Amino acid sequence: MKFKFLGTGGAFDTAYGNSAALVEYKGNTLLLDCGFTVYPVLRQHQLTRDLQYVLLTHLHNDHTGSLANVLLHCHYFNPDCRPTILYPDDDFRDELYEFLRLQLQKPEKYADFMPLSELPGITAIDTFGLHAERLQTYAYIFEENGERLVYSGDIGQPEALFANLRGLPPKATTVFHDITFSEQNTAHTYYKKLIPLAQDYHIYGYHCDPTANPVDNPFPLVYHHPELLLTPVYQDAVH
Ligand SMILES: [Zn+2]
Ligand SMILES: [Zn+2]
């Protein structure tokens, strides 16, 4: 299992790309979120043809903004590629379908829809309302070959996710967690709230501007780890 981030920025940190990742999972490539900067990165690296699955944490624009474009591109230019959109529950499928229907008229022309439960090893954690009021969001836990990787999505309070992780059989766990360096920002997790969890989990911060990283932040940022980035060169080039 491998995570390659396509971007690590927050909604307005376009220099670092929208937070999203390609996950190599059980021999398939899964696109985890698809914000408005994702399509150009996939095109630049000729990766649109390799997408088997798409999984979204929520419907904010920095997580979905180029999804319709990616699906159209696959349909018209990569005829062997027809992504399957995974959905954690029926309500979210309905929201996602409506979101795509307004852009594509007939989403089923461009993608298949499949319950996440049909792909064993990936668990959705319902984080409804923890990022924005009345907004459906999810975190995801990926397990393969004894490895456990967690992707927080956007979440203002980390407790619900970690309570869930504590209920799982003990295992070395890497958590990619959204992080903010501003205590006033309640839509994302203030880094100091993660400090009590630092000894039990290997936590990397993402969805942030790395230039705002305070010196007392103990958590490594995905941005600073080239092995977690699809294109460290691209990231440097856009600065
Ligand atoms: Zn976001
Ligand atoms: Zn969001």
Side-chain angles (χ1 to χ4, degrees), residues 1-3 5 8 10 19-26 28 30-33 53-60 62-64 85-96 114-180 185-208 217-222 228:
M1 189 163 42
K2 218 189 289 177
F3 268 64
F5 280 76
T8 62
S19 288
L22 287 175
V23 185
E24 291 302 325
Y25 181 74
K26 296 187 177 174
N28 292 305
L30 182 151
L31 175 61
L32 186 50
D33 281 342
Y53 297 108
V54 176
L55 182 62
L56 303 176
T57 58
H58 62 300
L59 298 184
H60 274 162
D62 58 317
H63 299 260
T64 58
I85 297 176
L86 301 166
Y87 57 88
D89 60 50
D90 289 351
D91 286 347
F92 193 65
R93 179 201 56 196
D94 293 349
E95 285 187 13
L96 179 53
M114 188 174 108
L116 181 62
S117 55
E118 288 185 22
L119 193 64
I122 307 177
T123 308
I125 308 299
D126 189 337
T127 53
F128 180 86
L130 297 177
H131 169 46
E133 205 179 339
R134 293 191 301 278
L135 182 75
Q136 181 66 64
T137 50
Y138 297 92
Y140 294 107
I141 303 171
F142 296 78
E143 307 221 34
E144 189 183 7
N145 298 331
E147 235 188 321
R148 181 181 291 148
L149 296 174
V150 181
Y151 192 82
S152 70
D154 288 3
I155 184 171
Q157 300 141 37
E159 290 81 6
L161 172 59
F162 285 92
N164 197 292
L165 293 178
R166 268 191 291 275
L168 298 177
K171 189 186 283 186
T173 301
T174 296
V175 181
F176 300 113
H177 210 292
D178 81 325
I179 201 165
T180 178
N185 184 342
T186 55
H188 299 284
T189 295
Y190 184 50
Y191 72 104
K192 289 188 178 174
K193 289 188 185 172
L194 293 167
I195 288 172
L197 303 152
Q199 66 231 52
D200 295 329
Y201 302 93
H202 194 192
I203 300 174
Y204 291 88
Y206 75 99
H207 203 288
C208 60
N217 172 24
F219 300 105
L221 301 183
V222 169
L228 294 173

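Below, all heavy atoms of this structure are taken into account, side chains as well, without hydrogens, waters or symmetry copies. This structure is a prediction, so every number in the text was calculated from the model and none was measured.
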Determine, step by step, whether Leu31 and Leu55 satisfy the side-chain contact (heavy atoms from CB on, under 4.5 Å) criterion, reporting the C-alpha distance in whole Å, the side-chain angles of both residues, the deciding distance to 0.1 Å, and the verdict. CA-CA 6 Å; Leu31 175 61; Leu55 182 62; over 6 Å; no
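- Side-chain contact between Leu149 and Met1: present, with at least one pair of heavy atoms (C-beta onward) separated by less than 4.5 Å.
- Leu22 places none of its side-chain heavy atoms less than 4.5 Å from the side chain of Leu32.
- You'll find the side chain of Gln136 stays beyond 4.5 Å of the side chain of Leu59, heavy atoms only.
- One finds the CG atom of Asp91 at 12.5 Å from the CG atom of Leu96 (value rounded to the nearest 0.5 Å).
- Take His188 and apply the side chain to side chain donor-acceptor pair (under 3.5 Å) test, not counting sequence neighbours, and it matches Asp178.
- Side-chain contact between Tyr53 and Asn28: present, with at least one pair of heavy atoms (C-beta onward) separated by less than 4.5 Å.
- Annotation: the span from Thr174 atom OG1 to Phe142 atom CZ amounts to 13.0 Å, rounded to 0.5 Å.
- The side-chain heavy atoms of Tyr191 and Cys208, taken from C-beta on, include no pair separated by under 4.5 Å.
- The closest side-chain heavy-atom distance from Val175 to His202 is not below 4.5 Å.
- With Ile122 as the fixed residue, the side-chain contact (heavy atoms from CB on, under 4.5 Å) test singles out one of Leu116, Val23, Ile141: Leu116.
- Between His207 and the options Thr180, Thr189, Asp154, a side chain to side chain donor-acceptor pair (under 3.5 Å) holds for only Asp154.
- In terms of modelled atom types and a separation under 3.5 Å, the side chain of Thr127 and the main chain of Ile155 share no donor-acceptor contact.
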Got a list of side-chain donor-acceptor pairs under 3.5 Å for residues 160-172, not counting sequence neighbours?
from   : atom 1 : to     : atom 2 : distance (Å)
Lys171 : NZ     : Glu143 : OE1    : 2.6

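- Among all heavy-atom pairs drawn from Ile203 and Pro220, the shortest one is O-CD, 3.3 Å.
- Listed by chain and number, the residues in a side-chain contact (heavy atoms from CB on, under 4.5 Å) with Leu135 are His58, His60, His131, Ala132, Thr137 (sequence neighbours excluded).
- For the side chain to side chain donor-acceptor pair (under 3.5 Å) test, residues two or more places apart in sequence or in another chain that qualify with Tyr206 are Ser152.
- Considering only heavy atoms from C-beta on, Leu30 stays 4.5 Å or farther from Val54 through its side chain.
- Checked against the 6.0 Å centroid threshold, Tyr138 and Phe128 do not count as a close aromatic pair.
- Counting only heavy atoms from C-beta outward, the side chains of Leu221 and Thr8 never approach each other to under 4.5 Å.
- Listed by first and then second residue, the salt bridge (charged side-chain N to carboxylate O under 4.0 Å, His left out) pairs that reach into residues 122-138 come to none, sequence neighbours excluded.
- Side-chain polar atoms of Tyr87 and Asp94 form no donor-acceptor pair below 3.5 angstrom.
- Side-chain atoms of Lys26 come within 3.5 Å of backbone atoms of Pro120 as a donor-acceptor pair (strictly under, hydrogens ignored).
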Give the C-alpha distance, both sets of side-chain angles, the deciding distance and a yes or no for side-chain contact (heavy atoms from CB on, under 4.5 Å) between Tyr140 and Ile125. CA-CA 6 Å; Tyr140 294 107; Ile125 308 299; over 6 Å; no
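- Considering only residues two or more places apart in sequence or on other chains, Asp33 meets the side chain to side chain donor-acceptor pair (under 3.5 Å) condition with Thr57, His63.
- If you take CD1 on Ile85 and CZ on Phe92, they are separated by 10.0 Å, rounding to the nearest 0.5 Å.
- Close placement of the Phe5 and Phe176 rings is indicated, their centers lying within 6.0 Å of each other.
- A ring-centre distance under 6.0 Å is not found for Phe219 and Tyr204.
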